[in-house]
Amino acid sequence: MKHRRSGATHARLQLVLAVAAIAAAVALPVVLVSVGGGVSAHELRSVQNSGYEITVNAAGTHGIEDSHNLASSIGHLSDVAAASPVLTLEIDAFLAHGGVSAIEADGVIPDAFSATLGPLENGLFPSPLPLGDPTDMVHYDNGTYNGTPTDSVLLAYPFAVTSGIALGQSILLGPSSNRTLATPFTVTGTFNISASGFGATTIFTALLPLSDLQVMGGLARGSGGSSLLDASDEIQVALVRSATTDPSVISRVAEEIHDLVPYYGVTTQLQESQQLQSASAILTGFYLALSSVGLTVGLFFLAIILVRRVELQRRSIGIRRAIGLPPREIAGGIAVQAVALAALGVGIGAFTGYVIISLLATYAGGAVAEAASLATYNPEILGAIGAGVLVLAALVSLLASRSALRLNIPEALR
């Protein structure tokens with residue numbers, strides 16, 4: 001009697017382990033595909049919802065030169081609404097309590113920057129940007145940088161609050177932690193940070209006139225002021241509304257810009273969208289290929305358990321075969337059992353994957369939490385994974401069915 005109980009307990013434990021193996025194998029692709037797909041979808045939405053259609057880039061850091069004049073030349077092309085140079089530098093902010101905070105600062109031409117904001121960003125910034133000269137041409141002064149700077153800055157609202165900085169107050173900003181190199185800027189406004197942003201380096205961000213940041217970072221003119229640099233990282237080009245959805249116009253304008261700057265890279269948001277979609281498809285395939293290793297192990301373990309159960313039920317199977325039960329019914333019963341175990345494993349695995357993603361989004365912190373919070377659960381992909389596991393479970397049950405149908409009936413009935 002004790003032996004029978006021990007055998008039954010062992011059999012149940014095997015079933016539990018088989019379900020657990022399938023669940024673990026399913027949880028991995030749920031996490032990888034959902035998080036990876038969510039991040040890719042977010043980046044794709046950001047590209048598609050940006051307020052500009054074309055980007056000009058250059059090799060190296062701050063590689064675009066003569067940015068003001070180039071932006072003006074691009075702005076005069078047909079169907080171009082605005083061309084916005086953007087320079088990004090890490091600078092230091094000297095706070096009233098004596099602390100120093102490294103912040104990421106963007107230098108922009110106020111009017112052009114506002115014109116290239118997308119619908120998701122428009123509400124984050126005041127309009128018009130209170131940065132003084134809307135064209136940034138006064139301080140630039142035809143490339144001499146001898147004009148009067150506005151010395152105005154917009155701060156990210158979280159940074160302004162945590163630092164106790166109010167509108168109208170002054171803050172010292174400099175290119176390094178050397179306080180003597182810092183310049184006082186007046187805080188003329190704040191802007192918000194998108195809670196759904198992924199990959200932002202920090203929320204402590206400042207927005208300055210392009211010329212002011214260029215001078216601060218030594219990117220206005222060359223050493224000794226001998227040559228014009230007027231450097232930026234990229235130029236974002238927005239088209240007139242009627243052209244934003246016309247691929248032929250976008251391509252034509254991109255070609256015209258490339259003719260102006262043949263040694264710079266010119267890409268369209270359409271190209272970036274296509275590249276992101278291709279990359280997303282490749283990553284999804286990679287995630288599924290990686291997950292197939294775990295699924296193979298889980299299904300192999302299920303096959304072993306099913307064959308083992310045939311051994312444990314050989315007498316029962318022998319009786320059913322002896323009374324003339326058709327082989328397809330015996331095989332069908334084993335297949336149903338395999339699919340039921342796999343379905344239970346799929347359900348538990350999907351739920352486990354969801355729980356893992358939720359825990360990462362809540363407790364992981366940093367980029368991991370941001371990525372997990374963007375997870376999307378694609379019913380088509382996840383459904384295909386679940387259906388594939390069930391089909392494969394039915395196939396691996398053939399090993400157990402083969403073992404059951406090859407049993408010697410007289411030996412099984414002893």
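The structure presented is a predicted model; accordingly, all values stated were derived computationally and were not measured.
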Between atom [atom1] of [X] and atom [atom2] of [Y], what is the distance when rounded to the nearest 0.5 Å?
| X | Y | atom1 | atom2 | value |
| --- | --- | --- | --- | --- |
| Asp79 | Arg241 | CG | CZ | 14.0 Å |
| Thr116 | Leu239 | OG1 | CG | 11.5 Å |
| Ile304 | Leu17 | CD1 | CG | 12.0 Å |
| Ser73 | Leu260 | OG | CG | 6.0 Å |
| Glu256 | Ser251 | CD | OG | 11.0 Å |
| Ser176 | Met216 | OG | CE | 10.5 Å |

Any [X] side-chain heavy atom under 4.5 Å of [Y] side chain:
| X | Y | answer |
| --- | --- | --- |
| Tyr264 | Glu65 | yes |
| Ser101 | Phe94 | no |
| Leu295 | Val26 | yes |
| Asn378 | Val33 | no |
| Leu95 | Val100 | no |
| Pro175 | Leu181 | yes |
| Val253 | Thr268 | no |
| Leu172 | Thr183 | no |

Can you list every side chain to side chain donor-acceptor pair (under 3.5 Å) pair that touches residues 82-92, not counting sequence neighbours?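 As it turns out, the side chain to side chain donor-acceptor pair (under 3.5 Å) pairs with a partner in residues 82-92, which skip direct neighbours, are Thr88-Asp106.
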If you compare all heavy atoms of [X] against all heavy atoms of [Y], which two are closest, and at what distance to 0.1 Å?
| X | Y | answer |
| --- | --- | --- |
| Ala220 | Val215 | CB-CG2, 3.9 Å |
| Leu155 | Ala206 | CD2-CB, 4.0 Å |
| Ser211 | Asp136 | OG-OD1, 2.7 Å |
| Ile54 | Ala254 | CD1-N, 3.7 Å |
| Leu302 | Ala338 | CD2-O, 4.1 Å |
| Pro130 | Ser152 | O-CB, 4.2 Å |

Can you check side chain to side chain contact (heavy atoms under 4.5 Å, CB included) on Leu154 and Thr190, steps first, answer last? CA-CA 5 Å; Leu154 269 65; Thr190 61; over 6 Å; no
Residue pair Leu173, Leu208: steps toward the side chain to side chain contact (heavy atoms under 4.5 Å, CB included) verdict: CA-CA 11 Å; Leu173 302 176; Leu208 285 75; 4.3 Å; yes
List the residues meeting salt bridge (charged side-chain N to carboxylate O under 4.0 Å, His left out) with Arg179, not counting sequence neighbours, and say none if there are none.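 If we apply the salt bridge (charged side-chain N to carboxylate O under 4.0 Å, His left out) test to Arg179, skipping adjacent residues, there are no hits.
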Side chain to side chain contact (heavy atoms under 4.5 Å, CB included) between Val261 and Leu70, intermediate numbers included: CA-CA 9 Å; Val261 284; Leu70 178 56; 3.6 Å; yes
Parallel, tilted or perpendicular, as decided by the 30° and 60° cut-offs, for the rings of Phe113 and Phe125: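 Perpendicular.
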Excluding sequence neighbours, so at least two apart, what forms side chain to side chain contact (heavy atoms under 4.5 Å, CB included) with Pro85?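 For Pro85 the side chain to side chain contact (heavy atoms under 4.5 Å, CB included) partners, ignoring immediate neighbours, are Ser67, Ala71, Ile109, Leu210, Ser232, Ile235.
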Taking only residues two or more places apart in sequence, or in another chain, which ones meet Thr296 in a side chain to side chain contact (heavy atoms under 4.5 Å, CB included)? none
Check residues 340-364 and write down every donor-acceptor pair under 3.5 Å in which the side-chain atom is one partner and the other belongs to a residue at least two apart or another chain.
residue	atom	partner	partner atom	Å
Thr352	OG1	Ile348	O	2.7
Ser358	OG	Tyr354	O	2.9
Thr362	OG1	Ser358	O	2.8

Under 3.5 Å, is there a donor-acceptor pair between the side chain of Thr188 and the main chain of Leu131?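 Not a single qualifying donor-acceptor pair exists.
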For the side chain of Glu255 and the backbone of Arg252, is there at least one donor-acceptor N/O pair under 3.5 Å apart?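 A pair under 3.5 Å: no.
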Asp230/Arg221 ion pair, N-O < 4.0 Å: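 Salt bridge: no.
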Show, in sequence, the C-alpha distance, side-chain angles and deciding distance for Asp233 and Ile64, and conclude whether the side chain to side chain contact (heavy atoms under 4.5 Å, CB included) test is met. CA-CA 6 Å; Asp233 293 298; Ile64 293 181; over 6 Å; no
Option passing side chain to side chain donor-acceptor pair (under 3.5 Å) with His139 (candidates Thr144, Asp212, Asn146):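 Among Thr144, Asp212, Asn146, the one that satisfies the side chain to side chain donor-acceptor pair (under 3.5 Å) with His139 is Asp212.
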Only counting residues at least two apart or in another chain, list the ones meeting ring pair (Phe, Tyr, Trp, His ring centres under 6.0 Å) with His68. Tyr140
